Amino acid sequence: MTMTLPERLVQSISTRTRPPQSVDSTAVDRKSAGWKSAGWKSGSKKADGTSRRGFFGGAALVGAALAVDPWGYLVRPANAYDSVCGLDAGCADGYSVFCCTINGGRNTCPPNSFIGGWWKADNASFCGGSARYYIDCNAFRDGAWQCRCAEGTCDQRRVACNQFRYGQCSLEIPASNTGPVVCRMVSCTPPWQQFGGTCTSSSATDNRTVTHSAPCLTGKPPVGSLDLVSATGNGVRAAGWAFDPDQPATSIRVTVTVDGKAAGTFTTTGSRPDVNRAYRITGNHGFDVTVPTGPGRHTVGVTAVNVGGGAGNTQVGSRIATVGAQPRGHLDALRTAPDGKFRVTGWAFDPDQPATSIPIAVRVDGREVARFTATGSRPDVNSVYRITGNHGFDNTVAVPPGQHTVQVYAINVGGGSGNPLVGQGGVQVGVPTGHLDGVTVTGRSVFLRGWAFDPDQPAASIKVAIYRNGALVGWYPTGGARPDVNSVNRITGQHGFSAQLTSPPGQQTFTVYAINVGPASGNPVIGSRTVTVA
Amino acid sequence: MTPPSISGHGFTVDLPAAWEGRIYRRNVPEIAFSPDSRARVATAEGATSGWLGENPGAVVHLANFPLPVDRGDYGSGAVETMGPSDVFLAILEFGQECLGTALYSSLGLPRVRAERFDPNGLQRRIAGQAGVQYFFTVQSRPLCLYVVLGSYRNAVPLAAKANKVLDRMKVNAA
């Protein structure tokens, strides 16, 4: 029985058994590239003296080929390396090389390059059927990289040739300073997590690259997750998990970097039963470490160190943390309240731990009298600062009757020193408040108007006492509607007053007192005017 | 006769004769990238096309040759079938987090210039072809225009074809 191959596959095979297509001078400088002839690929000794056996790497490579692309390896009349490297592995095929091929086995951007963008190929066997991510490392336009073909393995794809950018990473680098793609990294972790702060989650898909690979990508690199980065004191805490599928029971090492510089290497000795259960593995694979930093904004990365095969180490995550940031907040309102209290309203959070509700301290007349936690919902604050959690406060504080100076502080819970003042003001507690709005004179008639209420009984009408030149004229009720007063003070009731008096001629001073109806604390003056009566 | 028009996801194009186009947006993944979900995928108990948090934007493909069904967002699968008189355009939309960044600082839908096309200006180099990219923002939408010419030698007339279809494109606010 003759097996008929799909036309597409036959064409692919046919292309691969031909000598490499020519590459014109605009694409690759053949001299600098060390371009290999088809004869080398068919088995002769390489021009640089490397034996073909050394190039193949023995039976293990065949095993790798079978694992990576068993159907392709079995049906194509090509060597094992062809299957290891997947489709379109020649320079003339036009794709960019894998970074580990040209970067000492490291699946990272080489020097003088930056992460320019990424794409994904769905249903990738390399990632267990999930999406596989390709992250381009672009050159700058500084001439540091020259276009050439990779050599030494079957991954002979182009190095620093394709002037192309996917466009989701390093957005601060403009197109005018973007050079060609030096090489591409590969990962099973979404780039917006692995390179958080550098890459966005805007996606692009190209499934034609799903088989692309390189010998340095065989085996399995570590997998893991950076679950948490937060500022603590004068450092950052990084927590997560990592293990190497090649040795799944072994605790491996993770390296923490701060702003690209190594800050410490740790072993994953923490228990993570959730990870073990999910992957059906044993051992300890968690880490929860703190490294010192200076104050300021830092990019914190964690790399898992490979202990088996695979393309070097895996950066399991990267986050931005601000160390030593002081809390932010605002005192929205300070008002008198019933029962000898005042009410303080506002919000505060600490950027070091932006999801945590932080304590608020209230000082009255220079002495701390209350401390509570800002646990109220403030979606407006969360929206503006792009944070989560509860950060509002709306509390009452009991103080002795009288006039007080109030200061509200947000208490630092992360790095940094000091607890910033988020607001201050004056408040009268336990005594009535009010205002003499105006005094008008018509002949011997004097008309006084204003408002007053007692916060101990804010809905109740009270009385005002009017004195002329220090002598009591009379008490008058506050029964007039003053919606403006109610609105500002968030109270109900009738709190306006008006009084018409008959006065002797001459210069007269009228003083108005609000009469207390709550706990004894005096009757404050709410206004005084001097007028001339004809 | 009114030229055929396609529209979707805030893009409208009146296609010149013999052109065709597609406007689409890929599905938004719904599975979170967690130890459990990753392990399920790794053990073939499940499969995903991307992970929760991915933000696929609108994609426009325009060509004066038949577009195959399976295409990458930047036109892989289509550009391999191009002849010397063919032109392919892709416009990709990116997330709002790109607004105001240096890469997307140019404003307005660009027109291509023949002298900017480069045989190396391709996602994947294909002998004889040339390409160019522009990153820009229109209607507060960060976009990338990628144009592939079937023949570098015919860059001048083919660039004019590309501009003709760009003249017929309208980008609305998202």
Side-chain angles (χ1 to χ4, degrees), chain A residues 21-24 26-28 88 92-96 119-123 127-131 147 158 161-168 170-178 180-181 188-190 192-193 200-209 223 225 241 245 272 274-275 277-280, chain B residues 26 29 31 33-44 46-57 59 70-77 80 92-95 97-98 100-106 118-128 131-135 142 144 146 152:
Chain A
Q21 297 172 14
S22 64
V23 179
D24 67 32
T26 58
V28 174
D88 304 321
D93 292 320
Y95 284 102
S96 295
W119 78 95
K120 71 180 171 77
D122 291 324
N123 305 314
C127 294
S130 184
C147 174
R158 290 152 63 89
C161 297
N162 295 347
Q163 180 63 49
F164 189 84
R165 185 166 174 184
Y166 260 86
Q168 309 99 322
S170 305
L171 304 178
E172 74 282 3
I173 299 174
S176 60
N177 195 26
T178 302
V181 177
C188 298
T189 301
W192 66 90
Q193 294 197 12
T200 76
S201 59
S202 295
S203 68
T205 299
D206 183 358
N207 292 323
R208 287 177 68 89
T209 60
V223 296
S225 174
W241 57 271
R272 283 297 297 258
D274 57 331
V275 173
R277 188 168 52 250
Y279 284 94
R280 299 174 186 172
Chain B
R26 294 184 190 270
I31 301 176
F33 189 69
S34 68
D36 276 340
S37 60
R38 292 167 68 181
R40 276 201 302 274
V41 170
T43 55
T48 69
S49 296
W51 297 99
L52 182 68
E54 181 183 320
N55 177 25
V59 179
D70 293 327
R71 302 181 311 279
D73 291 340
Y74 275 110
S76 67
E80 288 84 352
L92 276 70
E93 180 176 20
F94 294 86
E97 66 278 5
C98 299
T101 62
L103 185 59
Y104 294 90
S105 59
S106 295
D118 185 335
N120 280 325
L122 297 162
Q123 177 202 17
R124 172 197 185 184
R125 179 180 161 75
I126 296 176
V132 69
Q133 271 185 303
Y134 296 85
F135 293 92
C144 176
Y146 175 52
Y152 182 39

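Per chain, numbering begins at 1; letters A, B, ... match sequence-line order. Remember, predicted model here, so these are calculated numbers, not experimental data.
The candidate with the highest count of non-hydrogen atom pairs below 4.5 Å against chain A, out of B:Gly53, B:Gly121, B:Gly72, is B:Gly53.
Two residues are said to be in side-chain contact when any heavy atoms from C-beta on lie closer than 4.5 Å; A:Phe164 and B:Leu122 fail this criterion. Put simply, the side chain of A:Arg208 does not reach to within 4.5 Å of the side chain of B:Asp70, judged on heavy atoms. Using a 4.5 Å heavy-atom threshold, the side chains of B:Asn55 and A:Ser201 count as touching. Inter-residue side-chain proximity for B:Thr101 and A:Glu172 is flagged as unmet; no heavy-atom pair is nearer than 4.5 Å. Contact of the A:Tyr166 side chain with the B:Gln123 side chain is registered, since non-hydrogen atoms from C-beta on lie closer than 4.5 Å.
The CG atom of B:Leu103 sits 6.0 Å away from atom CG of A:Leu171, with the distance rounded to the nearest 0.5 Å. Put simply, CD on A:Gln163 and CG on B:Asn120 are 8.5 Å apart, with the number rounded to the nearest 0.5 Å.
A donor-acceptor contact under 3.5 angstrom links the side chains of B:Glu54 and A:Ser203, judged on distance only. Between the side chains of B:Ser76 and A:Asp206, at least one donor-acceptor pair of N or O atoms lies under 3.5 Å.
Looking at B:Tyr146, only its side chain comes within 4.5 Å of chain A, counting heavy atoms on both sides.
Scanning all heavy atoms of the two residues, the minimum distance from B:Phe135 to A:Ala175 falls at CD1-CB, 4.3 Å. Between A:Tyr95 and B:Glu80 the shortest heavy-atom distance is OH-OE2, 4.2 Å. Nearest heavy atom pair, residue B:Leu92 against residue A:Ala204, reads CD2-CB, 4.1 Å. Shown here for A:Pro190 and B:Trp51, the closest heavy-atom pair between the two residues is CG-CD1, 3.6 Å.
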### Task
Assess whether side chain to side chain donor-acceptor pair (under 3.5 Å) is satisfied between B:Glu97 and A:Ser202, documenting all intermediate values.
CA-CA 9 Å; B:Glu97 66 278 5; A:Ser202 295; 3.2 Å; yes

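Without hydrogens or angle criteria, B:Gln133 side chain to A:Arg165 main chain gives a donor-acceptor distance under 3.5 Å.
Between B:Arg124 and A:Asp88 there is a salt bridge, with a side-chain nitrogen of the basic residue lying less than 4.0 Å from a carboxylate oxygen of the acidic one.
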